[in-house]
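Please read through the structure below; I'll follow up with questions.
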Amino acid sequence: MALEHERKYEFAGPLPPLAGAGPVATERPLPVRHLVARYYDTEDGRLAAAGITLRRRTGGEDAGWHLKLPVGDGVREEIHAPLTDRDEGPPSELTALVRSRLRHATPRPVIDLITERRPTLLAGVGGAPLAEAVLDRVTASRDGRIAHWSEVEVELAPAQDAAPEVGDAVLDAVEQRLTAVGARRSDAPSKLVRALAETGGVPTPPPAPPRWPADSAAAHVLDYARRQVDAILTLDPAVRRDLPDAVHRMRVASRRLRALLRSARAVLDQDVTDHLAAELRHLGAELGVDRDREVLTERLTARLDELPEELRVGPVAERLAAWDRERRAESRALVVRLLDSPRHLDLLDALHRLLADPPLRPRAAGRPARKVLAKAMRRDRDRLARRLRAAYAAPAGPDRDAALHAARKAAKRARYAAEAAAPAVGKPARRQAKRCKAVQRALGDHQDSVVARAALRELADLAQEAGEPSFSYGVLHEREAAVAADRAREAAKLPVG
């Protein structure tokens with residue numbers, strides 16, 4: 001796995017002198033490489049449309065299976081898998097990482113590329129590699145159709161990936177030399193996209209023209225929905241690889257989208273979207289098993305670290321670590337099964353259809369976004385206020401805890417409704433989002449304390465069964481109870497509108 005920082009240019013060559021360009025002190029031609037690659041995609045070009053490349057390549061120093069995932073402007077993450085004696089298709093460890101794009105489809109060979117690569121190593125003072133500039137002469141073949149072109153790629157050396165300011169200086173300086181001799185930035189994000197376009201394949205579709213006025217409720221709601229769907233799809237590989245914060249971010253995107261479908265009932269037909277909202281709720285709940293475990297363990301560990309040494313009686317830290325390891329193995333397996341399940345893939349298909357053919361209510365395309373979305377966010381704000389009043393009217397104890405948890409969910413929904421409305425409504429929406437976020441945080445800490453106290457009771461029972469002291473768990477339990485009371489009082493004083 002590696003990050004690939006590169007820029008691509010339309011240019012037939014030869015390369016101009018590059019030594020002396022910014023940090024580049026020397027240049028050295030490297031041996032010519034002959035590369036043969038077969039690219040895989042779905043029939044409708046889903047991977048190419050998402051800027052993803054999946055290929056099998058021979059020749060050069062990195063022969064094997066390559067999966068390239070976009071992570072930013074001009075930056076892609078490249079993941080490798082080795083060649084085998086009988087390569088009948090992409091390896092499962094790579095196709096799993098693009099399952100959210102493939103859904104129920106199977107990748108197939110779409111085009112073959114033969115590349116004559118003439119690389120030049122660019123080094124700084126002292127000979128440290130900075131980048132590699134390559135002149136590629138490419139032949140693409142697809143179903144008897146042939147295309148030829150030349151291009152230049154400038155890719156930073158791995159050591160420069162961690163120093164963006166140096167890397168940008170190298171790329172900018174080399175670009176000045178190239179553009180001075182007629183090179184121009186390529187419009188094609190990858191060789192695959194250009195090859196498909198020039199051989200009559202399935203290129204990346206151009207942006208669709210707007211179907212609704214830019215200031216309409218339909219345009220704003222669907223733009224927000226598209227961003228959340230993109231987040232769910234893009235985060236899928238990171239969740240599978242257990243990258244930091246990936247589960248949390250996917251869960252937030254699913255919640256934001258669900259809140260939108262519930263709040264935007266004046267725009268989207270709820271007879272159609274209610275099923276999607278229910279499936280998104282299921283997705284968030286299943287992702288929450290792993291995320292909630294992670295948050296709970298971090299909380300209990302922090303509380304234990306705060307406990308004076310004289311109050312730590314018995315192997316409390318070891319008991320907590322063993323308890324977490326057992327729960328983590330179960331929760332990680334659950335997440336992977338979830339992402340591969342037919343139910344989840346059906347949800348992704350349904351979200352694709354939602355964006356392609358949205359179930360708009362009559363007049364939604366013509367109604368002004370400001371009016372429609374302001375009303376929706378006020379409705380969710382009032383819903384939050386009602387739940388808060390009900391919670392504080394309930395007797396202290398489990399009933400109030402449950403009511404405050406319900407109010408926390410309402411705070412999230414009111415916050416997300418305001419965030420969705422902000423581009424159209426402006427300052428009032430931003431104010432509501434900020435205030436609801438504060439309520440959500442206070443009630444979230446309260447709910448985390450409720451869950452932590454239940455976990456501490458479970459740990460105390462396990463310790464007693466093993467003949468260990470349970471004193472420390474009781475101390476932590478009382479501290480969590482005090483935190484919950486403080487957060488409940490804090491939330492009661494916070495404005496919501």
Please work out whether the ring planes of Y40 and W65 are parallel, tilted or perpendicular, with thresholds of 30° and 60°.
tilted
Could you give me the CA-CA distance, side-chain angles and deciding distance for T53 and R76, then say whether side-chain hydrogen bond (donor to acceptor under 3.5 Å, both in side chains) is met?
CA-CA 10 Å; T53 296; R76 293 195 292 176; 3.1 Å; yes
Quick check on R108: does its CZ atom have over 12 non-hydrogen neighbours (other residues, nucleotides or ligands) under 6.0 Å away?
yes
Side-chain ion pair, D382 and R386, N-O less than 4.0 Å:
no
Are D445 and R408 ion-paired here, with the side-chain N under 4.0 Å from a carboxylate O?
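Salt bridge flag = no for R408 with D445.
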Lys/Arg-Asp/Glu bridge criterion (N-O < 4.0 Å) met for R99, D236:
no
State whether the side chain of R293 and the backbone N or O of D324 hold a donor-acceptor pair below 3.5 Å, judged by distance alone.
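Between the backbone of D324 and the side chain of R293 there is no qualifying donor-acceptor contact (under 3.5 Å).
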With no hydrogens and no angle check, is any side-chain donor or acceptor of D41 less than 3.5 Å from a backbone partner on L47?
yes
Can you tell whether the side chains of R7 and D172 come within less than 4.0 Å, N to carboxylate O?
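Here R7 pairs with D172 in a salt bridge, since their nearest N and O are under 4.0 Å apart.
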Is the number of heavy atoms from other residues, nucleotides or ligands under 6.0 Å of R265 CZ greater than 12?
no
Heavy-atom count check: over 12 atoms from other residues, nucleotides or ligands less than 6.0 Å from H352 NE2?
no
Do T273 and R258 pass the side-chain hydrogen bond (donor to acceptor under 3.5 Å, both in side chains) test, and can you show the C-alpha distance, the side-chain angles, and the key distance before you say yes or no?
CA-CA 9 Å; T273 61; R258 176 173 172 254; over 6 Å; no
May I ask you to say whether K68 pairs ionically with E6, meaning some side-chain N is under 4.0 Å from a carboxylate O?
no
Between R487, R299, R457, R453, which is the residue that forms a salt bridge (charged side-chain N to carboxylate O under 4.0 Å, His left out) with E480?
R299
For a quick test of reading the model, state the closest non-hydrogen atom pair linking A492 to Y392 and the distance between them.
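Closest approach of A492 to Y392, heavy atoms only: N-OH, 3.2 Å.
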Please check if the side chain of R240 supplies one atom and the backbone of L339 the other of a donor-acceptor pair under 3.5 Å.
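Looks like yes, one N/O pair under 3.5 Å.
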Looking at R415, R435, Q432, R413, which one forms a side-chain contact (heavy atoms from CB on, under 4.5 Å) with R381?
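Running side-chain contact (heavy atoms from CB on, under 4.5 Å) over R415, R435, Q432, R413 with R381 returns exactly one hit, Q432.
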Is there a donor-acceptor pair closer than 3.5 Å between any side-chain N or O of R251 and the backbone N or O of G284?
yes
Atom CD of E306: over 12 foreign heavy atoms under 6.0 Å:
yes
Less than 4.0 Å between a side-chain N and a carboxylate O, is that true for D292 and R327?
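Judged by the 4.0 Å cut-off on N to carboxylate O distance, R327 and D292 do not form a salt bridge.
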When R319 is tested against each of E326, E468, E458, E465 for salt bridge (charged side-chain N to carboxylate O under 4.0 Å, His left out), which residue passes?
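Exactly one pass, corresponding to E468.
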D486 and R489 ion-paired at < 4.0 Å
yes
Would one find more than 12 heavy atoms of other residues, nucleotides or ligands at under 6.0 Å from atom CZ of R103?
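Yes, enclosed.
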Do any N or O atoms from the side chain of R370 and from the backbone of V425 form a donor-acceptor pair under 3.5 angstrom?
yes
Is it true that K191 and E153 have a side-chain N and a carboxylate O under 4.0 angstrom from each other?
yes
Look at the side chain of R312 and the backbone N and O of L304, then say whether any donor-acceptor pair between them is shorter than 3.5 Å.
yes
